[in-house]
Protein chains: 2
Amino acid sequence: MTSILPPDRLSLTSLRIFVAIAEERNLTRAAGREAIALSAASKRLADLEADFGVRLLDRTPRGMRLTAAGESLLHHARRVLGAAQDLTADMSDFRKGVRGHVRLLANLSAIVAYLPEDLERFFLNHPDLRVDLQERPSLEVVRGVEEGQAELGICSAHADLQGLTVVPYKTDDLVVVMRADHPLAGRGPLAFRDTLAFDHIGLHAESSIFMRSQRAARDEGMSLRRRIHVPGFDAVCRTVQAGLGVALIPAPVFGILGSSMSLHAEALTDPWARREIVIVHQSARPLSAAAERLHDALRRG
Amino acid sequence: MTSILPPDRLSLTSLRIFVAIAEERNLTRAAGREAIALSAASKRLADLEADFGVRLLDRTPRGMRLTAAGESLLHHARRVLGAAQDLTADMSDFRKGVRGHVRLLANLSAIVAYLPEDLERFFLNHPDLRVDLQERPSLEVVRGVEEGQAELGICSAHADLQGLTVVPYKTDDLVVVMRADHPLAGRGPLAFRDTLAFDHIGLHAESSIFMRSQRAARDEGMSLRRRIHVPGFDAVCRTVQAGLGVALIPAPVFGILGSSMSLHAEALTDPWARREIVIVHQSARPLSAAAERLHDALRRG
DNA sequence: ATACGCCTTCGCCGATCGCGAAGGGTCACC
DNA sequence: GGTGACCCTTCGCGATCGGCGAAGGCGTAT
């Protein structure tokens with residue numbers, strides 16, 4: 001039974017140097033890049049191999065080549081170093097006077113439409129707090145909060161929310177954006193059905209807007225003509241501007257992006273176009289002081 | 001401009017000890033637990049605080065209490081140490097003779113229905129390879145492969161697969177499971193519509209089976225009566241057995257779980273009940289030798 | 001007041017780490 | 001087939017780091 005060597009004997013410096021060697025495939029260059037003597041780098045590598053009992057690189061006359069074990073270590077080392085990097089970055093914030101940190105997951109609509117102003121106001125009142133905001137599709141927001149990756153989540157209300165505390169955040173309405181010269185422009189509020197004759201520009205396939213509209217198309221007994229998926233509402237709008245089709249976006253997003261691009265929007269009359277956006281957190285664990293503040297601020301926002 | 005201190009000055013040992021202190025909220029006990037002298041633990045903690053320039057714990061006469069910065073560090077430290085743990089575990093495999101490691105993401109259906117036998121056969125031919133298998137909903141399988149978290153993915157074919165190389169893996173058919181005394185039992189192949197009068201037991205909301213059947217319900221102009229979501233097909237079957245409703249599961253899964261639970265299954269006639277399951281990987285990056293082997297084995301499986 | 005629990009500081013010693021120098025391969029080019 | 005250009009490894013030395021136990025400060029309990 002070879003006991004797994006405790007993570008102790010492992011040094012982040014060695015990992016960093018290993019990554020450099022693996023990337024450069026050349027000890028000399030790697031040592032230069034890491035500002036360390038060639039001999040020291042060599043020793044660290046040899047020690048790693050000795051500790052793990054595994055050859056990590058095949059030495060060739062003109063450099064080094066990763067073994068399978070080396071490939072695996074490279075992958076893991078990057079993860080470890082990335083996590084360490086995040087750690088120091090956060091600590092550095094605290095040193096600069098930050099007094100609290102909240103991890104927040106939110107869907108793209110919320111990030112584009114509502115969070116900027118709400119967070120701005122929040123930071124005015126709490127300059128000493130910081131928010132780590134990550135974009136996720138609504139379903140993954142829920143998962144992330146359940147798993148404790150983040151304390152707070154913002155997502156559309158239709159995910160499976162049991163075990164979480166839910167408070168309403170915003171209500172938003174989807175609108176149809178199109179070029180000003182589009183046949184549908186100026187016709188007033190539209191039924192989703194009316195848009196099905198045209199190509200739709202969508203976010204990535206996990207987005208709740210896309211899933212929703214696809215379902216709605218089925219409900220109409222038709223299928224959604226989606227010509228392209230692009231990342232981000234700005235890309236959606238530019239694509240619409242290019243005349244590739246129409247798109248569904250939250251009304252506030254149109255207010256931000258659409259006007260400056262001289263696009264046109266019509267309201268959508270279907271009931272599902274009104275979406276409830278909520279704030280969620282684990283019911284079991286109490287919120288940190290910082291998260292509590294943010295939660296309050298968003299709820300009142 | 002305070003430069004972020006490089007991850008170098010960070011020692012995994014210090015992090016481990018910090019975690020112990022934070023958990024025990026008592027230096028003496030933490031030092032005992034980590035088998036280190038009290039003085040050494042104290043010094044490591046002091047050094048951490050000095051390096052980060054931040055107070056991590058408030059000293060009270062009866063122990064220690066985490067500050068906000070300490071809470072944050074605890075979170076990060078756990079991540080870093082977890083990653084380091086994974087690293088050493090994998091390296092330990094290699095030392096024991098493993099010659100390759102493949103990270104594989106798959107949806108639950110594949111994991112339950114097909115992978116066990118295919119992997120068994122694979123390991124017979126390749127006892128020196130190892131597979132890290134993680135369950136994800138199909139959409140996240142795709143994301144994981146795109147982001148390089150795993151080399152190979154197995155998912156249903158309907159996700160957005162551009163940029164990935166796709167080969168067919170299996171075709172499976174969904175069946176309706178129910179208790180033997182259920183009204184629908186023994187009526188022969190069913191249309192999904194016929195099941196809508198009864199409660200449905202579902203996997204978590206991200207599962208493609210659930211999303212699919214919900215869409216199908218809409219297509220029928222009805223809504224799915226879902227009484228409960230449970231994690232895992234075994235839980236689904238037990239819930240069905242308890243008489244809480246019917247459920248859709250892949251036919252092979254019924255073969256494995258259903259019979260021993262004296263459940264009954266009927267085929268589903270709707271065309272969407274036949275699902276294509278595929279193997280995907282990044283087209284851009286070449287597969288490692290080990291992944292190549294697994295890919296071949298699964299494809300032929 | 002005394003004793004106890006909890007943390008910090010200090011001085012000493014052994015282990016670790018980095019550096020430069022020396023060494024030994026392979027390949028390319030005369 | 002020598003010679004030089006690379007590329008990596010090994011070795012010995014000095015500096016630094018990290019651990020240990022002893023001594024000390026501080027608050028609380030008795």
Side-chain angles (χ1 to χ4, degrees), chain A residues 5-67 69-70 73-74 77 81 84, chain B residues 5-67 69-70 73-74 77 81 84:
Chain A
L5 35 161
D8 279 42
R9 267 197 75 30
L10 200 61
S11 123
L12 292 180
T13 311
S14 291
L15 289 185
R16 269 213 0 212
I17 289 169
F18 169 78
V19 170
I21 299 173
E23 284 174 357
E24 300 284 350
R25 292 202 293 299
N26 176 319
L27 230 190
T28 310
R29 279 199 302 274
R33 172 173 136 186
E34 294 295 324
I36 195 184
L38 173 62
S39 64
S42 175
K43 187 159 170 316
R44 290 204 103 108
L45 175 58
D47 287 350
L48 274 183
E49 291 183 320
D51 285 348
F52 293 138
V54 159
R55 190 151 206 75
L56 296 171
L57 294 129
D58 286 327
R59 279 70 165 175
T60 77
R62 25 180 84 268
M64 304 194 148
R65 236 192 41 234
L66 284 166
T67 64
L73 180 60
L74 179 57
L81 293 173
Chain B
L5 34 161
D8 277 42
R9 266 195 77 28
L10 200 60
S11 124
L12 293 181
T13 311
S14 291
L15 289 186
R16 270 214 358 213
I17 288 170
F18 170 77
V19 170
I21 298 172
E23 284 175 358
E24 301 284 348
R25 291 201 293 297
N26 174 318
L27 230 189
T28 310
R29 279 200 302 274
R33 172 174 137 187
E34 294 295 324
I36 195 183
L38 173 62
S39 63
S42 174
K43 187 158 165 328
R44 290 204 103 108
L45 175 59
D47 287 351
L48 274 183
E49 292 184 320
D51 285 349
F52 292 139
V54 159
R55 190 148 205 78
L56 297 171
L57 295 132
D58 286 326
R59 279 71 164 174
T60 78
R62 26 180 86 265
M64 303 193 150
R65 235 191 44 232
L66 283 166
T67 63
L73 179 60
L74 180 57
L81 292 173

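What's counted below: heavy atoms across the whole structure, side chains too, no hydrogens, waters or symmetry copies. Note that the structure is predicted; figures quoted are calculated from it, not measured. Naming: A, B, ... by sequence-line order, numbering from 1 per chain.
Atom CG in A:Leu12 sits roughly 13 Å away from atom P in C:dC17 (whole-Å rounding). Rounded to an integer number of Å, the gap from B:Asp47 CG to D:dT16 C1' is 13 Å. Atom CG of A:Leu56 and atom P of D:dC8 are 15 Å apart (whole Å). Rounded to whole Å, the distance from CD1 on B:Ile36 to C1' on C:dA15 is 14 Å. Rounded to an integer number of Å, the gap from A:Leu57 CG to D:dC8 C1' is 12 Å. Distance A:Ile21 CD1 to D:dC8 C1': 11 Å, rounded to the nearest Å. One can place CZ of A:Arg9 at 13 Å from P of C:dA15, the figure rounded to the nearest angstrom.
Take A:Arg65 and apply the side chain to side chain contact (heavy atoms under 4.5 Å, CB included) test, not counting sequence neighbours, and it matches A:Asp58. B:Arg25 pairs by the salt bridge (charged side-chain N to carboxylate O under 4.0 Å, His left out) definition with nothing, not counting sequence neighbours. Residues meeting the side chain to side chain contact (heavy atoms under 4.5 Å, CB included) test with A:Ala30, sequence neighbours left out: A:Ala20, A:Ile21, A:Glu24. Residues passing the side-chain hydrogen bond (donor to acceptor under 3.5 Å, both in side chains) test with A:Arg55, sequence neighbours excluded: none.
The existence of a salt bridge linking B:Arg59 and B:Glu49 is confirmed by a sub-4.0 Å separation between a basic side-chain nitrogen and an acidic carboxylate oxygen.
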| How does protein reach along nucleotides 5-10 of chain C, written 5' to 3' as B (base within reach of a heavy atom under 4.0 Å), S (only sugar-phosphate), or - (no contact)? | -SBBB-

Donor-acceptor pairs are to be reported for all side-chain atoms of residues 37-44 of chain A against protein atoms at under 3.5 Å, with residues two or more places apart or in another chain.
| residue | atom | partner | partner atom | Å |
| --- | --- | --- | --- | --- |
| A:Lys43 | NZ | A:Asp47 | OD2 | 3.4 |
| A:Arg44 | NE | A:Ser14 | OG | 2.8 |
| A:Arg44 | NH2 | A:Ser11 | OG | 3.1 |

